[in-house]
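Have a look at the structure below, then the notes.
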Amino acid sequence: MSNAARYEWRDQQAALQERVKGFLLNPGAEQMEAVVAEMRAYAQAAQAGQIDIPQSWTSY
């Protein structure tokens, strides 16, 4: 996995985590829709091969 692909994957993960945090802080229908939309975008990008998902990684 190239560094660019790894950074793109990390950015996708960060965006998804921020959406989930927003929902947890202020649960509501609008925030839930935003989380679901972000998850769908992530899944579609992975299925289309637009992002590489590492099989293993180290978190620091």
Side-chain angles (χ1 to χ4, degrees):
M1 174 180 256
S2 70
N3 281 340
R6 189 176 305 274
Y7 291 141
E8 187 174 342
W9 174 79
R10 186 197 63 196
D11 291 345
Q12 283 284 129
Q13 285 291 315
L16 180 57
Q17 289 174 1
E18 286 301 314
R19 291 284 186 190
V20 171
K21 284 179 186 177
F23 172 73
L24 292 175
L25 290 173
N26 187 17
E30 185 177 312
Q31 289 78 13
M32 178 59 118
E33 288 299 321
V35 169
V36 171
E38 194 71 42
M39 288 179 170
R40 284 187 179 134
Y42 180 80
Q44 288 172 350
Q47 288 174 342
Q50 295 172 337
I51 60 171
D52 289 330
I53 300 174
Q55 292 182 359
S56 65
W57 65 89
T58 303
S59 178
Y60 296 100

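These numbers come from a predicted model, not from an experiment. Side chains are part of it too, since the values below use all heavy atoms of this structure and drop only hydrogens, waters and symmetry mates.
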Handout entry: Point-to-point distance, once rounded to the nearest 0.5 Å, from CZ of Arg19 to CD of Gln31
Key =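 The distance works out to 9.5 Å.
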Exercise for the section: Can you measure from CD (Gln17) to CD (Glu38) and round to the nearest 0.5 angstrom? Expected result: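 If I round to the nearest 0.5 Å, the distance is 11.0 Å.
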Problem - Shortest non-hydrogen separation from Leu16 to Val35 and the atoms involved - result: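 Closest pair (atom of Leu16, atom of Val35, distance): CD1-O, 4.3 Å.
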Problem - Same apolar cluster (I L V M F W Y, side chains within < 4.5 Å links), Leu24/Val36 - result: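 Yes, because Leu24 and Val36 connect within a single hydrophobic cluster, where side-chain heavy atoms sit under 4.5 Å apart.
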